[in-house]
Amino acid sequence: MKNKNLISINDYSKEEMLRVLDLAEEFEKNPTQAILNGKVIATLFFEPSTRTRLSFESAVNRLGGKIIGFSDSSSSSATKGESLKDTIKTVSNYSDLIVMRHPIEGSARYASEVATVPVINAGDGANQHPTQTLLDLYSIRKTQDTLDNLNLFIVGDLKYGRTVHSLLMAMALFNATYYFISPKELSIPQEYKMFLDHLGLKYYEHTDFKDIISEADIMYVTRVQKERFSDPIEYEKTKNAYVLRNRMLQNTKSNLKILHPLPRVNEINTDVDDNAKAYYFTQALNGVYTRQAIISLILGLKN
Ligand code: CP
């Protein structure tokens, strides 16, 4: 995995994903180690972020590395018209690894083609968010003791949610059964259904989860992605499609965990937060250990 870009979750084999999870377990036990001494990591965020950027930066700081970059592209020379290519070539000269979030699908792949250091995709438009998926896998394995043969409910914006697209692909390696729950306007795109059809995996599409929630092992709730809508009226129609409330969890499996990549808006009521089945804040914490694992593998500091 040394020097390998991480742009799509498909860039990693099943064995590589499991290696990340095993190493993340080691970092969870011992998160402060000075293995990144002398290394500089660039975080280039052309879109807003709380968890992804700060957990990457926390991961680097706890490993003794240094961070450069920007959290708001308006403070970069992109506002003067500098191309992404020129920005990436320049930052390659200043750093050992680039972590980039960008609103355009395919931008991370393009960046990896012009960079002279490895690139990690921290989210490219509605396309992929592979490090989120690795922390999601870590969270699923930790709470279920397995990744295999689970009933995976994915709720909300399945059209624009990049975390959904990456997770769906990764869980295909573990024989998941998928329950896609969304308004019709935000249903899972055809290409992902074709991907699952090709693999012979089972999936079901629903517009509500109330009658089927008792089947779920993992309920992965997502926000409606306001920033991806070209028509604000369409966003208004779908923004409150689902609100998970504590009382809805009464007749659910004892192993059920509620995951959410966050940020949430209204889709999980705060009365769920104290339920032992709510796992989304610990899931975000797992992002630190998982990203420590990814960085140290790409930089060849662990193998
Ligand atoms: N899950 C996630 O990508 O969160 P941020 O947008 O806060 O980084």
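For the numbers below, each heavy atom of this structure counts, side chains included, while hydrogens, waters and symmetry mates do not. None of the values given here were measured: they were computed from a predicted structure. Note that ligands are numbered from 1 as they come in the structure, with each ligand's atoms numbered from 1 the same way.
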Quiz prompt | His260-Arg223 side chain donor-acceptor pair, cut-off 3.5 Å | solution =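 Note: His260 and Arg223 side chains miss the donor-acceptor criterion.
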Check: Any chance the side chains of Gln132 and Asp136 put a donor and an acceptor closer than 3.5 Å?
Finding: yes
Problem - Shortest protein heavy-atom distance from atom 1 (N) of ligand 1, along with the residue and atom involved - result: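 That would be Pro261 O, 2.8 Å.
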closest protein heavy atom to atom 6 (O) of ligand 1 is Arg101 NH1, 2.9 Å
The answer for which part of Leu262 has a heavy atom under 4.0 Å from ligand 1 is backbone
_Yes or no: does Glu47 have any heavy atom under 4.0 Å from an atom of ligand 1?_
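Distance cut 4.0 Å: Glu47 fails for ligand 1.
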A student checking ligand 1 against Gln132 at a 4.0 Å heavy-atom cut-off should list atoms 1 (N), 2 (C)
Note: ligand 1 atoms sitting under 4.0 Å from heavy atoms of Thr50 are 5 (P), 7 (O), 8 (O)
Using a 6.0 Å distance limit plus a 45 degree cone around the ring axis, check whether Arg101 lies over the aromatic ring of Phe45.
no
State, yes or no, whether a side-chain contact exists between Thr131 and Thr290 at a heavy-atom distance under 4.5 Å.
no
Check: Between Asp11 and Arg109, is there a salt bridge with N-O shorter than 4.0 Å?
Finding: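 Yes, this pair counts.
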Apart from Leu262 itself, its cluster of hydrophobic side chains linked below 4.5 Å comprises Phe153, Val155, Tyr179, Ile181, Tyr204, Phe209, Ile212, Ile213, Met219, Val221, Tyr242, Leu244, Met248, Leu249, Leu256, Ile258, Ile268, Val272, Tyr280, Phe281
Judged by heavy atoms only, the candidate from His260, His129, Arg53 nearest atom 3 (O) of ligand 1 is His129
